[in-house]
Amino acid sequence: MTERYARSKQLFEEAQKVLPGGVNSPVRAFRGVGGAPIFVERGAGAYFWDADGNRYIDYVLSWGPLIAGHAHPAVIEALGKQAALGTSFGAPTELETELAELVIEMIPSVEQVRFVNSGTEATMSALRLARAYTGRSKIIKFTGCYHGHADMLLVKAGSGVATLGLPDSPGVPAQTTSSTLTAEYNNLDEASALFAEHGADIAAVIIEPVAGNMGFVPPEPGYLEGLRSLTREHGALLIFDEVMTGFRIAPGGAQSHFNIDPDLTCLGKVIGGGLPVGAYAGKREIMQTVAPAGPMYQAGTLSGNPLAMVAGLETLRQIKREGAFAQIAARVAALTAGLGALGENLGVPLQVSGIGSMFGCYFLREAGQRITSYAEAREFANPQRYATFFWAMADRGVYLAPSQFEAAFVSLTHSEDDIAATLAAAREALTLARDV
Ligand code: KE4
C-alpha cells in the first residue's frame with residue numbers, strides 16, 4: 001500500500017526547489033506541526049481532496065474566506081459569467097458599488113468602503129488613513145494579534161506596557177516600528193497606561209476584536225468597551241481588524257456581536273469568497289480623507305476587480321439567506337461542545353471555545369489553566385500535543401489548522417454527519433495525543 005501522503009511529499013520536494021520554503025505563505029509549510037504539507041488538488045463544499053486522493057473535512061477553508069464552502073455552485077456560476085465578460089478593466093464597474101452597498105448594509109458602523117487586494121493592504125491603508133485624519137503618528141497593536149505583514153505591524157511585542165516596537169523580522173528598519181506601541185491583549189490597564197503616556201500622539205488602536213492569530217481568544221467582558229472609551233477620550237481612532245472575524249463571528253462582524261461602534265473596519269477573506277480582496281471602511285467623514293476625495297494616497301491596479309466582487313457578492317448573499325448563519329453557528333456549537341466533553345471524558349485538558357462560525361481548541365499543559373492573552377497562550381498551550389492531534393485527525397480525514405496558534409472555521413456546507421464524523425475521529429486522536 002502506498003504511503004498516505006506520498007504524492008504530497010514528492011510535490012513538496014519539487015516546490016522547495018522553486019519556492020522559498022516550498023510555499024507562498026509560511027504557515028502552509030506545516031512548521032507548526034512538523035512533517036510535509038498536504039498538497040490540495042480540489043475542493044467541493046465542506047471537503048477537499050489532496051494530491052494522493054485522500055478526502056478531508058476542511059476546517060481551515062482557506063483561512064476563513066470559504067464560509068459558503070469550496071466551489072459553491074452560485075459562486076462558480078457568477079465567476080464563469082463574469083470571466084467571459086472580462087476579468088479586469090482598471091476602470092469603475094457597477095459591481096464595486098453593489099458589494100460596497102452590501103457591506104454597508106451588513107456592518108452598521110460602515111458608511112463608505114475602499115476595496116484593496118489583501119488584508120495586509122487593508123490594515124496598512126487604514127493605519128495610514130488614521131494618521132492622515134488625526135495628524136498623529138503613534139499606533140497601538142496588541143501582542144499576539146496579526147494584521148498582515150506591513151512593516152509597521154511586524155513588531156516584537158515587549159513584555160510590558162509602553163513597549164516601543166522592536167522589529168519582528170529582518171528587513172524592517174527600527175524607525176518604521178518606532179511609533180508602534182504594544183500592549184497585552186485583554187489587559188485594559190496596559191492600554192490605559194499607553195494612553196496616559198502617549199495619548200496626544202496616538203492616531204489609532206488596531207485590534208482583532210476576537211483574536212484568531214494566537215489561537216482563538218475572545219475579548220474579556222468590558223475589554224472592547226474600555227478600548228472604545230479610551231480612544232474616544234483621547235481622540236484616537238478605534239480600528240477593528242475584522243479581516244478574519246468579519247461576517248464570521250456574526251453576519252455583521254464581531255462589532256455587531258459585541259455592540260461596539262469602531263471608527264474604521266478592515267475586511268478581507270469572506271468578502272472575496274476565495275479570491276484576493278481586502279477592504280478598509282468606516283465613517284464617511286474619515287473615509288473622505290482617502291484620495292481622490294481627499295489627500296491620503298492609496299491605489300491598486302486590481303482593487304475592486306470584477307471577479308473578486310462577484311465572488312464576494314455571491315458568498316455574502318449565501319450567508320444572508322434566512323437561517324443560514326444560524327445553521328453554521330449550530331454546527332460550531334455542537335462541535336465545540338462535543339470536543340469539550342471528549343477532553344473531559346478522556347482526561348485531556350482542553351480550552352475549546354467558539355462564536356458564530358469560528359472556533360478554537362487549545363491543548364493545555366494542565367487542567368484549570370485559562371488562556372486570555374498571547375503570553376498565556378505561549379505558557380499554557382502544548383503545541384507538541386496539538387501536533388500529534390493534528391496528524392491523527394489528518395490521518396482520519398479531518399483537516400485542522402497546521403498550528404496551535406490559529407483559529408478554525410465552519411461553512412454552510414458542513415453537515416451534522418460531518419460534525420459527528422469529526423467527533424468520532426477526535427475521540428481516537430485525543431487518546432493518541434493524551435500520551436504525548
Ligand atoms: P492577508 O494579507 O493574508 O490577506 O490578511 C492579513 C490578515 C490581516 N488581519 C487578520 C486578522 C488576519 O487574520 C490576516 C491573515 N490571516 C492569516 C491566518 N492566520 C492568513 C494565513 C496566512 O498568512 O497564510
Side-chain angles (χ1 to χ4, degrees), residues 19-33 37-38 40 58-67 114-128 139 141-155 168-169 185 204-219 224 239-249 253-255 262 264-281 298 300 302-303 305 308 311-312 355-360 374 377 386 399-409:
L19 301 167
V23 294
N24 285 300
S25 198
V27 73
R28 302 178 193 171
F30 276 30
R31 298 285 171 94
V33 292
I38 292 168
V40 180
D58 182 12
Y59 289 100
V60 177
L61 295 170
S62 182
W63 300 99
L66 305 176
I67 194 166
R114 167 59 60 90
F115 291 112
V116 293
N117 296 288
S118 70
T120 293
E121 266 193 273
T123 58
M124 176 176 75
S125 307
L127 287 164
R128 183 184 306 143
I139 60 173
K141 77 173 288 290
F142 298 92
T143 50
C145 285
Y146 174 69
H147 305 289
H149 63 86
D151 278 359
M152 66 185 135
L153 289 163
L154 289 181
V155 175
D168 203 12
S169 164
Y185 193 80
V205 166
I206 185 166
I207 190 163
E208 292 180 58
V210 174
N213 286 290
M214 59 173 104
F216 184 86
V217 180
L224 297 177
I239 302 176
F240 268 16
D241 177 353
E242 298 226 41
V243 168
M244 186 188 278
T245 57
F247 313 103
R248 276 222 167 260
I249 291 296
Q255 56 193 271
L264 294 175
T265 298
C266 301
L267 298 166
K269 297 180 191 275
V270 167
I271 60 168
L275 272 73
V277 75
Y280 58 107
Q298 177 270 314
L302 292 170
S303 295
N305 74 81
I355 306 175
S357 68
M358 279 177 68
F359 70 98
Y374 185 59
Y386 179 83
Y399 188 74
L400 299 169
S403 163
Q404 167 69 103
F405 304 107
E406 293 286 355
F409 308 92

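Quick note: numbers below take in every heavy atom, side chains included, and nothing from hydrogens, waters or symmetry partners. Counting starts at 1 for both ligands and their atoms, following the listed order.
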Next on the checklist: Rounded at 0.5 Å granularity, tell me how far CG in D241 sits from NZ in K141.
Outcome noted: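 Reported to 0.5 Å precision, the distance equals 10.5 Å.
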Considering the options T245, L264, L224, which one meets the side chain to side chain contact (heavy atoms under 4.5 Å, CB included) requirement together with F240?
->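 For F240, the side chain to side chain contact (heavy atoms under 4.5 Å, CB included) test succeeds with only one of T245, L264, L224, which is L224.
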Exercise for review: Mind listing the closest non-hydrogen atom pair of L127 and I139 along with its distance?
Suggested key: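 Nearest pair, atom of L127 first, then I139: CD2-CG2, 3.7 Å.
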Find out whether H147 and M124 are in side-chain contact, i.e. whether some heavy atom of one side chain is under 4.5 Å from a heavy atom of the other.
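They are not in contact (no side-chain heavy atoms under 4.5 Å apart), so the answer is no.
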Task: Under 4.0 Å from ligand 1, counting heavy atoms only: the protein residues, by chain and number - done: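 Heavy-atom contacts below 4.0 Å: S25, V27, W63, S118, G119, T120, Y146, H147, G148, E208, N213, D241, V243, M244, K269, E406.
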Any side-chain hydrogen bond (donor to acceptor under 3.5 Å, both in side chains) pairs touching residues 204-217, not counting sequence neighbours?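 Checked against side-chain hydrogen bond (donor to acceptor under 3.5 Å, both in side chains) - neighbours excluded - the pairs reaching residues 204-217 are E208-N213.
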Q255 backbone acceptor or donor facing E242 side chain under 3.5 Å
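Checked: pair present.
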